[in-house]
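Quick notes on the structure that follows.
So you know, we letter chains A, B, ... as the sequences are listed, proteins then strands, and number each from 1.
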Amino acid sequence: MAEKITPRSVDYSQWYIDIVINAKLADYSPVKGCMVIRPHGYAIWERIQAEMDRRFKETGHQNAYFPLLIPMSFMKKEAEHVEGFAPELAVVTIGGGEELEEPLCIRPTSETIIWSKYKDWIQSWRDLPILINQWANVLRWEKRTRLFLRTAEFLWQEGHTAHETEAEAVEETLKMLEVYRDVCERHLCLPVIAGLKSEAEKFAGAVQTYCIEAMMQDKKALQAGTSHFLGQNFAKAFDVQFQTRDGKLDHVWATSWGTSTRLVGAIIMAHSDDKGLVLPPSLAPEELVIVPIYKNETKAAVLAYGDQLLAAIKAAGIRAVMDTDDSSSPGWKFAEWEMRGTPVRVEIGPRDLEAGKVMMARRDTGEKVPVEAAAVPAKARELLDAIQKNLFERARAFRDENTRKVASKAEILEFYGADSAGTAAAHGGFAEGLWCGSRTCEAALKAESKVTIRCLPLGKQEDISGKCCLCGEPAKHTAVFARNY
RNA sequence: CGGGACGUAGCCUAGGGGCUAAGGCGCUUGCUUUGGGAGCAAGAGAUCGGCGGUUCAAAUCCGCCCGUCCCGACCA
């Protein structure tokens, strides 16, 4: 028998690992904290990339590539930045067998090396804006890693833009946050809350950090993307000034924004079940699989029937394959394609051939229906659209069911389970409450319960009146609280 | 980096001082099969995580190290 998936109810962490390994998304590497992304996992990442990249281009960005190695001195130019990243840097000190004059760090993010070049490229307001994105790997020496969710090396995209005015940079920050929200909701079927990070949680070197936060099936929050308004911090650190329209000198305004292979982890945690991966159709490497069922004497006829169906399905623009592997049984194949997360399965056997029908099964609900052969492409499209919609609705309903308003710290602690701090027990969810904005107030809650402010949701920050749910002082913000990854 | 669990064939597990290291899955070959993880037969595959120690004898006992997972600290 093949390996079984540990049920979510038994051990959520182990379930997640079992999915990643058994669905052949990724594997452990000989280097601690790193992972090997296998073809199936990489294919999903490529589809996410394609969606993101298309939107970056549509919003006027261009791709470029900056080096992996960054002079250590660059990292030190922005005070908060170096403080934030110093503990997780890997540093190269030897090259070609000789000690380097200046150590080089492997990029944990590329603000510094990019801004060192922006200094050369920007003199006038006419050189602005610069709208660059890069697809790259970065390395952060994480103490504790988890496949896809937090690995030492990961793949991501990082946008780095330079603007003439503060307003334009802020607009860019929010525009890209919206791109992330749209891709997550439309393609990953992942409902997210867009908001502003608190001071304690913001990016090292940013003025403001915006994020999108999603709820996983264990009710913990996962940050799915971030967009930073960097103000003039990096321009000042790298002395990037330009001549303005009225002839004055000013520092450039900046943004940076990123999403990573963590999104693959988000898809797994949000949608999958105890049978394996469940993929949103728009990200599935194969949207549909045909599993032929035959005996020796019916094999030729069934396969010919399958070939015809496959051609018709592909002609309808659906990514489809037929599993013609002769060495495993139909039952094995059903389980295997379910493990891989393929959204729609078409079963064809002698009985179907005779009746001019097929059986179609959807991965998200397990529902099976007979369909006339001629109607298969249209039905496949219908099912794929229904699955795409259902995954999002299901995830949103789950999040809404596990979100509640809170007015006091006692309520928060009760919501998350008084004695469940630090356990994997499925308590809580998202709590929405008013907050005074005090850092100590936030830190106290974290120390007490591991619950943190995930974000201050956009659109809920106007006309705040009432008291902070933590300390009772007058509130300034609406905050979403949760335990997080 | 602290606490816990674990490390025996590709995977899972048995054996806890002594004889050729056992079984299941998977793999190879052949035949029969194929509507929810098929059957039979014959094969291949292990310096028992590493190093050192105790002993006539170590997978087994001891020490150190390494690695993986879980919990914690840390972490855009």
Side-chain angles (χ1 to χ4, degrees), chain A residues 1-6 11-14 16-18 20-22 27-33 35 80-81 83-89 108-111 138 140-147 149-152 154 156 158 197-198 200-206 208-213 223-228 230 256-260 262 275-276 291-299 302 323-339 345-354 357-359 361 366 368 370 420-425 446-447 450 452 455 484-485:
Chain A
M1 297 302 108
E3 318 80 291
K4 280 242 174 101
I5 302 279
T6 305
D11 184 341
Y12 190 83
S13 291
Q14 192 58 49
Y16 176 78
I17 293 165
D18 287 350
V20 172
I21 300 296
N22 289 311
D27 207 344
Y28 292 103
S29 89
V31 180
K32 184 178 164 63
M35 71 169 169
E80 280 186 27
H81 194 65
E83 191 186 328
F85 283 105
E88 16 184 57
L89 288 183
T109 179
S110 301
E111 274 79 2
V138 289
R140 300 177 184 181
W141 214 261
E142 300 285 354
K143 294 273 198 292
R144 186 168 173 201
T145 58
R146 255 170 195 278
L147 295 168
L149 296 180
R150 173 170 287 112
T151 46
F154 55 95
W156 77 343
E158 48 181 330
K197 281 291 188 195
S198 68
E201 299 274 335
K202 79 171 190 195
F203 176 67
Q208 288 176 316
T209 289
Y210 291 89
C211 64
I212 47 174
E213 295 280 336
Q223 180 176 301
T226 53
S227 185
H228 314 291
L230 302 175
S256 70
W257 25 275
T259 54
S260 73
R262 169 181 271 194
K275 288 176 164 180
V291 177
I293 299 154
Y294 48 75
K295 300 183 193 301
N296 281 335
E297 57 271 28
T298 53
K299 179 174 174 180
V302 170
D323 186 349
T324 56
D325 180 3
D326 236 0
S327 63
S328 51
S329 67
W332 179 277
K333 289 177 181 176
F334 295 166
E336 200 57 32
W337 288 98
E338 280 166 356
M339 181 76 79
R345 183 180 68 239
V346 173
E347 304 171 13
I348 51 167
R351 293 205 299 260
D352 305 297
L353 176 54
E354 193 131 330
K357 294 188 173 182
V358 306
M359 286 299 289
K368 255 168 123 165
S420 69
T423 72
K446 184 177 180 180
K450 299 215 56 174
T452 54
C455 71
N484 75 304
Y485 278 98

No-H, no-angle donor-acceptor pair, A/Glu338 side chain to B/G36 base, under 3.5 Å: yes
Margin query: Classify A/Asp11 by what it touches in the nucleic acid, base, sugar-phosphate, or nothing, heavy-atom distance under 4.0 Å.
Written below: nothing
Could you check whether any side-chain N or O of A/Thr6 sits under 3.5 Å from a backbone N or O of A/Gln14, counting only pairs where one atom can act as donor and the other as acceptor? no
In whole angstroms, the gap separating P of B/C70 from CZ of A/Arg150 amounts to 13 Å
With syn defined as a glycosidic angle within 90 degrees of 0 and anti as anything else, the base of B/G16 is syn
Separation of B/G37 atom C1' from A/Met339 atom CE, nearest Å, is 10 Å
ask   = Is A/Lys197 paired with A/Glu213 through a side-chain N to carboxylate O contact shorter than 4.0 Å?
value = yes
Note on RNA chain B: ranges paired as stems (three or more Watson-Crick/G-U pairs in a row, both atom distances under 3.5 Å) are B:1-7 with B:66-72, B:10-13 with B:22-25, B:27-32 with B:38-43, B:49-53 with B:61-65
Flag the pair A/Arg345 and A/Glu347 as a salt bridge only when some basic side-chain nitrogen lies within less than 4.0 angstrom of an acidic carboxylate oxygen.
yes
With A/Lys450 as the cation and A/Tyr485 as the aromatic partner, state whether NZ or CZ is under 6.0 Å from the six-membered ring centre and within 45° of the axis. no
Would one find a side-chain N or O of A/Tyr12 under 4.0 angstrom from OP1 or OP2 of B/C70?
no
Salt-bridge test for A/Lys143 and A/Glu88: reply yes if a basic N is under 4.0 Å from a carboxylate O, no otherwise.
no
Requested in this report: Return the orientation label for the A/Phe203 and A/His81 ring planes: parallel under 30°, perpendicular over 60°, tilted otherwise.
Outcome: perpendicular
